[in-house]
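Some notes on the structure that comes next.
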Amino acid sequence: MAKPQAEMLKSPAPQKAPAKAPAAPQVEVAPEQLAYANVLLYGSWLGIALLLLTNIIYLTGLVKPYIEPAMLPQYWGMKASEFVQVAHMPTGWGWFNMLGYSDFLNFIGMALLAALTIVGYLILLPAYLSKKDVPYTFIVLAEVVVLVLAASGVLAVGGH
């Protein structure tokens, strides 16, 4: 026979056992993939630290900038090509010769961050060669060649 409504409200609801989360699948990761991931991880943090350090150097005036911060507003409305001409700014890898100025020091961190993919691929290459993994070896070599050519300016396209 059914319990009266008042008794049902007084008695606690039956407790269900909490559901267990499904076990995480065990995934095996190849050592070269871990090495690649570590290059990206530590290289990214190093690049960020360099960006932070070089910006502190710029903002504190420890090293003289090429363009004084007070002069920057006069350039803000210009197109990039106009700015390069008016301010006599280097293009391409010309920034490398300007590392004596604090406003060019941050390029070191940016170049490091940009190079991480190439470094990571070069770490993968020996492993794929030793495994005789032809498709991945070809992909890695193609990526490295394209990225190096693009960074060198040989594959320059667009207006940058």
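Side chains included, hydrogens not; waters and symmetry mates left out as well; all remaining heavy atoms used.
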Expected list for residues 100-129: side-chain donor-acceptor pairs under 3.5 angstrom, two or more places apart:
| from | atom 1 | to | atom 2 | distance (Å) |
| --- | --- | --- | --- | --- |
| Ser102 | OG | Val63 | O | 3.0 |
| Asp103 | OD1 | Tyr66 | N | 2.7 |
| Asp103 | OD2 | Tyr66 | N | 3.1 |
| Asp103 | OD2 | Ile67 | N | 2.9 |

Quiz item: Hey, what do you get for CD1 (Ile57) to CG (Leu53), rounding to the nearest 0.5 Å?
Solution: 4.0 Å

Name every donor-acceptor pair, under 3.5 Å, that has one atom in a side chain of residues 72-95 and the other anywhere in the protein, sequence neighbours excluded.
| from | atom 1 | to | atom 2 | distance (Å) |
| --- | --- | --- | --- | --- |
| Trp93 | NE1 | Ala151 | O | 2.5 |

Quiz item: In the hydrophobic clustering that connects Ile, Leu, Val, Met, Phe, Trp and Tyr at side-chain heavy-atom distances below 4.5 Å, which members other than Ile48 occupy its cluster, ordered by chain and number?
Solution: Leu41, Tyr42, Trp45

Quiz item: Is there a path from Met98 to Phe96 through hydrophobic residues (I, L, V, M, F, W, Y) whose side chains come within less than 4.5 Å of each other?
Solution: yes

Quiz prompt | Pairwise salt bridge (charged side-chain N to carboxylate O under 4.0 Å, His left out) hits with a residue in residues 111-132, at least two apart | solution = Glu32-Lys131

Quiz prompt | Residues which pass side-chain contact (heavy atoms from CB on, under 4.5 Å) with Val27, listed by chain and number, not counting sequence neighbours | solution = Val29

Quiz item: For residues 57-68, which residue pairs qualify under salt bridge (charged side-chain N to carboxylate O under 4.0 Å, His left out), counting only residues two or more places apart or in two chains?
Solution: none

Quiz item: Quick one: do Leu34 and Leu40 end up in the same hydrophobic cluster if we chain Ile, Leu, Val, Met, Phe, Trp and Tyr together by side-chain heavy atoms under 4.5 Å apart?
Solution: no

Quiz item: Who are the side-chain contact (heavy atoms from CB on, under 4.5 Å) partners of Gln26, not counting sequence neighbours?
Solution: none

Exercise. Among Ile, Leu, Val, Met, Phe, Trp and Tyr joined by side-chain contacts under 4.5 Å, find the other residues sharing a cluster with Ile56 and list them by chain and number.
Key: Leu52

Exercise. Indicate if Val39 and Leu46 have the same hydrophobic cluster label, given that clusters are the connected sets of ILVMFWY residues with side-chain heavy-atom separations under 4.5 angstrom.
Key: yes

Quiz prompt | Single-linkage hydrophobic cluster Val144~Leu141, side-chain heavy atoms < 4.5 angstrom | solution = yes

